[in-house]
Amino acid sequence: MDLSYGAEAENYRSEVRAFVKREWQPGERRGSDLGAYIKNFRHRATNEGLLYRFVPKRYGGSEQPVDVVRAQVIREEFSRARAPMEVGGNGMAMLVPTLLERGTEAQRERFIRPTVEGDYVWGQGYSEPGTGSDLASVRTKGELIDGEWVINGQKIWTSQGGGANYMFALIRTEPQAKKHDGISYLLIDLDQPGVTRRPIRQMTGDAGFYEFFFDNAKTPADWIVGERGEGWKVSRTTLKHERASIGSAASLGAQFEKLVELAREVERDGRPAIQDPEIRQLLTRIEGWVMAHRCSSYRLFSLAAAQEEPGIVQLMMKLLLTETGHEIALAAQELIGDEALLEPPPSGHGKRGPSKWLDQIMGSLGNSIAGGTTNIHRGIIAERGLGLPRDLAMGGE
Amino acid sequence: MDLSYGAEAENYRSEVRAFVKREWQPGERRGSDLGAYIKNFRHRATNEGLLYRFVPKRYGGSEQPVDVVRAQVIREEFSRARAPMEVGGNGMAMLVPTLLERGTEAQRERFIRPTVEGDYVWGQGYSEPGTGSDLASVRTKGELIDGEWVINGQKIWTSQGGGANYMFALIRTEPQAKKHDGISYLLIDLDQPGVTRRPIRQMTGDAGFYEFFFDNAKTPADWIVGERGEGWKVSRTTLKHERASIGSAASLGAQFEKLVELAREVERDGRPAIQDPEIRQLLTRIEGWVMAHRCSSYRLFSLAAAQEEPGIVQLMMKLLLTETGHEIALAAQELIGDEALLEPPPSGHGKRGPSKWLDQIMGSLGNSIAGGTTNIHRGIIAERGLGLPRDLAMGGE
Amino acid sequence: MMRFHPTEEQLAIQDALRGTLADSFPKERLHELVDGDTDFDKPSWDALMALGLGGLALPEIWGGAGLGLLDLAMAIEVLGDGAAAGPILQHCLVALAIASSASEELKARWLPELASGGTVATVAWGGEWLPEKWTVKIEDGVLSGMVRYVPGANAAHLFLVGTAGGGLALCELEAGMRVSAQHSSDRSRRTATVTFKNAKAVELFEPGDPTVARLFDAALVLIAADALGGAQHCVDLSVAYAKEREQFGQPIGRFQALKHQLAGMALEVEPARAMMWYAAYAWDMQLAEASRAAAMAKAHIADRFVSVARAAVAAHGGIGYTWEYGLVIWFRRSMFDRAYLGSPAVHRARAADLAGW
Amino acid sequence: MMRFHPTEEQLAIQDALRGTLADSFPKERLHELVDGDTDFDKPSWDALMALGLGGLALPEIWGGAGLGLLDLAMAIEVLGDGAAAGPILQHCLVALAIASSASEELKARWLPELASGGTVATVAWGGEWLPEKWTVKIEDGVLSGMVRYVPGANAAHLFLVGTAGGGLALCELEAGMRVSAQHSSDRSRRTATVTFKNAKAVELFEPGDPTVARLFDAALVLIAADALGGAQHCVDLSVAYAKEREQFGQPIGRFQALKHQLAGMALEVEPARAMMWYAAYAWDMQLAEASRAAAMAKAHIADRFVSVARAAVAAHGGIGYTWEYGLVIWFRRSMFDRAYLGSPAVHRARAADLAGW
């Protein structure tokens, strides 16, 4: 095995590094000045083939062949120079791949470029109060009236909902059809009178999600991706393009490093907690899981680079991440001691002191919820990974 | 609340103690001599109203009113003097109560006294290879031919099977009936040519269970308890008579005490393990569960004494016991260190040294199996205790 | 007579408290408090005190009900279930401390006031929780020093202050004291840092007086009782939600995995109930192992609360994670009960010492 | 080129080993051994050696395949899965040690023998596992002292003995050695106490030679590989059983609770695979964190094996608890892998030290 990227990749790294060094010089720019500079930088990086690699040129991308190693090198070099990568969020992660796979030419032309440019920010409109893990039970209704979809209902758990101006949503348009066959995948402009948004305050006190109310909201008849009633299938479209990323393990590693830092900062029985044999066992026990996760991400990355099937371990990464996150949270609660009684001022960034761990202690629970509950993940591992039979209760159809 | 037994009970204790002191003097007796002395002692204790309290006098019992406090006092005083209590096993625990509740007068007369005397030792014939938790799926067949039941099939997981000379068994006698309605509760003499027994060797290397093969084994037509096809219901008969016992928690407490002893015996980093802060945390963490279990047994005992309903906590005692047993096993594995590589000589009693913990480490798994798997217990707590709906998959009928 | 389950009377007290709390402290009020900037709720305070909570464990001659710590703990359990706000537990402890003292004068001065709830009292022991680690100095009847994590300090008039070497002093709110609110994670029980600078005080117990250890043990039992009630709330809420919420055309409480999780939560809480009783009973009966039982109960039950509070959020899915749903209030209370008076690890270490290991 | 998943060649070696082991060491033979009084199985030993296992990681000039520790670890993983009997892992380690030494004479004398398996070798490091704690004295070319927990000592002719201060000596079975069998919990890998009383030996590495630490790390990686294979076996057996066994009219693998338990078991094992690869890779590449990765892998994966072995028994119900079914063999192997070379706690403490915490 070999964890180095090889000579070809290292040559490429030199090119990328040179580009970034030359082109990313934000200097003292601030505010909208900086915004414009970033936008321009992204254009140049795209022209260079470094960003939006899976997006065709005619929609504003750089249309590069799949190469997970190059993609990784780009991420590493941009991150090293703190240069901006692609605009993030649901639009790039979910909508654009779906349009490329299932959209009409008109839809691609209409929506992809502004999404790439960051002008269209997309909320995901899947969950509703009452759907939970049973996403196909959505009830928000869409009726085609006078050449327009008229939408009534409610969507919830929309991340990035605060800044979103568009939504891709699962809407029940065929009430007579079977559960999964009655749903369409619609695109909705959120800046219209029929749409109300409300932040959902979380355990931590912050608003991480939004809910949206649709009261005769309207969308054009042709803002439907796929056919009527095909929405469920359309929403399952996923793009494997350069998805594998060693970076996915980095967040867990960073969390763990912070825990180690915390153990250095706080005291236990009059000495730094990290010198306490019990804490050292606790930390290394957790680190076993962190290492397994990190090494598995190398494995997945390698499989992706070789364009081989990822296998069962891919189904486990999310669960491993959230479960290890729980362990880190519990260890943090042990380490911070009395500081658990305190909450850092809600200043957002720059929260300091051990009590900033409060967010992690509660946030680790949010992680399991945001990506589907752990029970769903266990079921997927059991069924898709181990080939166990499908649950009777779940096997609606 | 009050954990003392009160003046009446203490007076009674004096009487019991005096009786035991006077009557239990085995001296140097050994072997069959001791056996005869014990049998005789049990007769005297029964005449005194101390043993077989729920068994009517005409079947060899002492027919005492329900009094869990007195029963507990008796257990304590006998145990203190190491005097023999009632003969143990399935016969007293399961068959006799069932006969008292559902047996014919002839059956009671025929079977109870020799069971009380210890002459009839009963194996439980419920499980079969393939039944697992789904006991009602038994397939061992009984046909009434010429005034006799002719039995063919196999029973497994019979504890005390080595010494058993009789069996109460669930036998499928009505193959046309629905699953639960096709079973009868038959009594079978095991000392006959059609019955073969085989010990089942366990993980620990010991034979704790037996399996029985029936090849045209025979039993009289009237050795059926309840009607044909009622066997499932008959097997559910349970007797609440003085069942509550503080002693049930004693075994867990004793296991924990042994763990503490072990921690005193073995070393860790050059000092007794019990002085290691990490081990002290481990032990007291486990002890929390042990205390909760012990205190809950007081609670159940008190409820039984007051003839009140035991509630949800009763459903939890077994699971709490086995789960805490697992924790003790894992702690022991940590403490014994290299001794886990060794097995004590299979001498049975008197196993010495840390490696004797091997039996506990593996035995803790056997406990969860013997009393129904933990998943069954969790299901019972959820359904009967918390009122959650019954599983679709389990809801055969 | 052997009896180790609640009496009719104890159950009646719990019912009465539950009813009074529900009436005087509806869920909307709880949310208001949590979203506001105080944790002292006059209406529910008055209603609970009118019911006799303040005097439950006080002698009858001082307007109390003459009951024991067990009865008080069972009351506090109900308040933990209902997330009652403010320093109720601490208030009752101060009354218990004064009642345990030798000074008839102090008793006459304060006990009727505390029993009626007319004066609010709290306990200032925070930071270094164990009596032998307390730091505030008392000299010539004045206190100096600082105590962190004092619950209800904004509303309290009377403070039971832990003093260096493990003594207790009684201090009325006065000019020599400064109360600065801390930004508390548990919004239903907010804490403050209290600084004493030549604050006049009465010494209630000298360092080394065994009553101080007794009172500390009582505090541990009461916080365990609060944790038990809070944990039970998390179980009940989750079970109710599982019965009501449907997915895939049936209540999610029919799915085996969730059922077993809920059973596991109940398995953490229900057996702990008798453990709490036992710790309180051992205190009331002054059994030799009373101190150890209190330490074990605090450690075990606080851990259970933290564990089931996390499990409850998971059992709920998204809604449990929202501020609005309110489960977060108990989640944060579990963090309070775990840290307040010392972490489980601290009390387990004490329990190991007390066992003579 | 970045590559962090097995090559075709590595997979082919694993397949070949799996096939050879299945043929030469059928389940009945394993049970025979376990019920008998030896753990050395000549037919499977010969078959595996004929396939080249003994020389897998030896240079080609000595009849080896010239592969690395990673390849050897992947081979050992297969043997852990199949519960191969006897001191195979130790035998390979001795060969690795000799190949790492400077003595061409010893290499010529032993490596072809070890590669072919004609001579059986094992490692005598037991009891105080870490090199700095080894106790056997070597003076003037003779050994004295005692080593416990020596696997395969009954069959071995050549012993790699850890000496005081962390050296290694090579000792042929001779009159100055006494081998007394221990009553082993793992019947597929039995241990003995070996006593040296003026036993002639050759010093292979002096105390403090960094190669000794390297070899110890290699041993940790290999035992982690064995544990990984054993753990995978427990998962596979349980999954297969859940698919085949019916209850309530359907395979028990349809019940959600059991499914989630099986998923949890797989979640312990599958991600650990890449961790084992990494530890072996780090050793082969002599990365700075190789020692630490070996310690972490041994600790984490041995714990996983113990955990899934217990879970496998529970997932099977009664049959898993029987001797006859055979799961007990892996259960006992999990206890071996956990204790052998030092417990997880020992290696976690080392990992903390190595991190400079």
Side-chain angles (χ1 to χ4, degrees), chain A residues 127 129-137 156-157 179 199-209 211 268-269 278 322 326 329-330 333-334 336-346 355 358 361-370 372-376 378-379 391-396, chain C residues 34-35 126-129 148-149 151 182-187 189-191 245-250 252 254-258 261 303 306-307 309-325 327-329 331-332 334-346 349:
Chain A
S127 290
T131 55
S133 325
D134 185 12
L135 269 187
S137 67
I156 197 168
W157 307 128
K179 187 169 164 186
I200 302 173
R201 209 169 153 205
Q202 303 181 351
M203 284 184 80
T204 54
D206 301 328
F209 294 94
E211 58 187 332
R268 200 175 164 89
D269 295 334
E278 205 180 332
T322 55
H326 282 293
L330 292 173
Q333 196 167 355
E334 178 67 37
I336 64 176
D338 289 347
E339 298 255 1
L341 294 169
L342 301 181
E343 188 160 23
S355 69
L358 197 80
I361 289 166
M362 295 196 281
S364 63
L365 284 162
N367 281 342
S368 22
I369 290 160
T373 67
T374 54
N375 280 345
I376 295 291
R378 284 187 199 284
D391 229 49
L392 277 189
M394 303 286 207
Chain C
V34 160
D35 289 333
E128 302 292 348
W129 299 106
R148 287 171 296 162
Y149 309 114
Q182 295 175 304
H183 202 73
S184 298
S185 53
D186 177 358
R187 309 277 184 103
R189 290 174 298 183
R190 307 189 189 205
T191 62
R245 178 86 160 76
E246 299 212 341
Q247 253 179 43
F248 302 99
Q250 46 202 312
I252 58 173
R254 199 189 284 287
F255 294 114
Q256 204 187 24
L258 181 60
Q261 282 157 6
D303 265 354
V306 168
S307 171
R310 288 189 81 86
V313 175
H316 275 80
I319 188 143
Y321 196 66
T322 63
W323 187 271
E324 203 171 24
Y325 185 71
L327 181 52
V328 60
I329 295 169
F331 188 93
R332 286 160 175 260
S334 80
M335 298 203 302
F336 181 99
D337 287 351
R338 183 182 192 282
Y340 186 67
L341 301 183
S343 75
V346 166

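Any value given below was found using the heavy atoms of this structure, including those in side chains, with hydrogens, waters and symmetry copies removed. Please read these numbers as outputs of a predicted model, since none were measured by experiment. In what follows, every chain begins at residue 1, and chains take the letters A, B, ... in the order their sequences are listed.
In this structure, the separation between CE on C/M335 and OG on C/S184 is 10.5 Å, given to the nearest 0.5 Å. The structure places CZ of C/R148 at 6.5 Å from CD of C/E128, a figure rounded to the nearest 0.5 Å.
Using a 4.5 Å cut-off between heavy atoms, C/Y149 contacts chain A through its side chain alone, with no backbone atom that close. With a 4.5 angstrom heavy-atom cutoff, A/A329 touches chain C only via side-chain atoms. Neither the backbone nor the side chain of C/R190 has a heavy atom closer than 4.5 Å to any heavy atom of chain A. Contacts of C/D35 with chain A are made by side-chain atoms alone, with heavy-atom separations under 4.5 Å and no backbone atom involved. Residue contact with chain A, scored on non-hydrogen atoms closer than 4.5 Å, involves the side chain of C/R187 exclusively. Only the backbone of A/T131 comes within less than 4.5 Å of a heavy atom in chain C; its side chain stays farther off. Interface remark: C/Q261 contributes side-chain atoms only to the contact with chain A (heavy atom separation under 4.5 Å). Proximity to chain A (any heavy atom under 4.5 Å) is shown, for C/F336, by both the backbone and the side chain. Neither the backbone nor the side chain of A/E278 comes within contact range of chain C; no heavy atoms are under 4.5 Å apart. With a 4.5 angstrom heavy-atom cutoff, C/R332 touches chain A only via side-chain atoms. Proximity to chain C is absent for every atom of A/R378, based on heavy atoms less than 4.5 angstrom apart. Using a 4.5 Å cut-off between heavy atoms, C/V306 contacts chain A through its side chain alone, with no backbone atom that close. Contacts of A/L342 with chain C are made by both backbone and side-chain atoms, with heavy-atom separations under 4.5 Å.
Side-chain N/O atoms of A/S364 and C/R310 include a donor and acceptor closer than 3.5 Å.
Contact of the A/I336 side chain with the A/I361 side chain is registered, since non-hydrogen atoms from C-beta on lie closer than 4.5 Å. By the 4.5 Å heavy-atom criterion applied to side chains, A/E334 and C/R338 are counted as neighbours. Residues A/H326 and A/L365 are in side-chain contact: their nearest non-hydrogen atoms beyond the backbone lie under 4.5 Å apart. For the pair A/W157 and A/I200, the minimum side-chain heavy-atom distance is below 4.5 Å. Here the side chains of C/F248 and A/K179 are in contact, with some heavy-atom distance below 4.5 Å.
Checked for salt-bridge contact, A/D134 and C/R245 miss the test: no charged N lies under 4.0 Å from a carboxylate O.
Heavy-atom pairs under 4.5 Å with chain A were tallied for C/G318, C/G249, C/G317; the largest tally goes to C/G318.
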